[in-house]
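In listed order, ligands and their atoms are each counted from 1. Sequence positions, counted from 1, serve as the residue numbers for this chain.
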Amino acid sequence: MSRLSNLQWIQMAMVVCLVALSLGCGGTGAEESPDPSDPASEAAAKAPRPEFALAIHGGAGVISKDMEPEKIAEYEAALERALAHGRDRLAEGAAALDVVEEVVVLLEDDPLFNAGKGAVFTHDGRNELDAAIMDGRDLSCGAVARVTTIKNPIRLARGVMEQSKHVFMVGDGAEAFADGLGLERVESDYYFTQRRYDSLQKAIEKEKQAEEHGDQHGTVGCVAMDKDGNLAAATSTGGMTNKRFGRIGDVPVIGAGTYANNETVAVSCTGRGEEFIRHNVAHSVSAMMEHKGSSLQEAAKAVIHGKLAKDDGGLIAVGADGSIALVFNSSGMFRGAADSSGRFEVAIWE
Ligand code: ASP
């Protein structure tokens, strides 16, 4: 066999390199290969559409990494319980709208979170709760704000959506409407938790804690895509510790803290409500996807990192393709994600 000339050797080496690159087995290809375990990965967004998907949050903010291991375990267990409930219901074929409501009820009943039972205190030592729910099928939505005796404000938000001609009810009026629906009411001391009360005392002492968004995280939310491809979002909160003057945050403001549209995405936010209202965060993600053709990950990152300031908070979202985004610019966000591929994860910090 004749020996190969130098030129032939070079040609052969080039062919081998080209084949290797086209198979994606070069160094660069491996870095770009899909990593479905990384929710922020663009590649994850390109994975085949799951049958169903959901994400939950239990608030974003300054979450100290010095938290005792038992407390971390408590949070993780609570998130896992809520996530497992949502996943199982979606697997059975339940509607996204029912699932987001049920998951938020579970989180509202858990004193760990700043919603329902564990709501933070206002400056006057009261608990004023806000919640919203939205159905991506037809943009129907319902919201309530400043309710003080409703055990599960998310149920009342759904009542407003389905049983009234309106989308947003506040205070006494919302509570009178709740009576007509037969929803459970509680005495205001139902919401008393020592931890949130101490938090208020600290905030009053310092008077600047509200701006620092200290130990008041814990707003809850859930977004889901069901087996029919329908999207829904639900969010519930006690608001910000030490809030005054009838302050209402982003959560019940449709498009700010809560939004769902089958054409694009379902979003639930958490953080400094005023900033989320100013930047119309939840709807901005949807608008970028609709008008700019951005992927869910691109849109969520652009809004959370590009529009908001550091430590403002974050969002969870499920796209119409079943992709999930969990994006925040604070030190942590209690969160979880699950889908029909077997993905099931909860996390607190980066
Ligand atoms: N966004 C909520 C509010 O401003 C608070 C939070 O998510 O921590 O009312």
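- Proximity to Gly239 (heavy-atom distance under 4.0 Å) selects the following atoms of ligand 1: 5 (C), 9 (O).
- In terms of N/O distances under 3.5 Å, ligand 1 is not approached by Ala60.
- Results of the side-chain hydrogen bond (donor to acceptor under 3.5 Å, both in side chains) test with Asp198 over Arg196, Lys202, Gln194 single out Gln194 as the only residue that passes.
- Comparing Asp250, Asp130, Val251, Ile248 against atom 3 (C) of ligand 1, the shortest heavy-atom distance belongs to Asp250.
- The closest side-chain heavy-atom distance from Phe121 to Ser199 is not below 4.5 Å.
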Check the pair Arg49 / Asp339 against salt bridge (charged side-chain N to carboxylate O under 4.0 Å, His left out), numbers first and verdict last. CA-CA 10 Å; Arg49 177 186 151 142; Asp339 68 23; over 6 Å; no
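- If you look at Thr270 next to ligand 1, the close heavy atoms, those under 4.0 Å, come from the backbone and the side chain alike.
- Taking the six-membered ring where the residue is Trp, Phe334 and Tyr75 present parallel rings, their angle staying beneath 30° rather than reaching 60°.
- In this view, Asp172 satisfies the salt bridge (Lys or Arg N to Asp or Glu O under 4.0 Å) rule with no residue, not counting sequence neighbours.
- Under a 4.0 Å criterion applied to the non-hydrogen atoms of Thr219, ligand 1 contributes the atoms 2 (C), 5 (C), 6 (C), 7 (O), 8 (O).
- The residue from Gly271, Ala145, Ala256 that puts a heavy atom closest to atom 2 (C) of ligand 1 is Gly271.
- Taking only non-hydrogen atoms, the option from Glu275, Arg247, His57 nearest to atom 4 (O) of ligand 1 is Arg247.
- Taking the charged nitrogens against the carboxylate oxygens, Glu274 and Arg278 have no contact shorter than 4.0 Å, which rules out a salt bridge.
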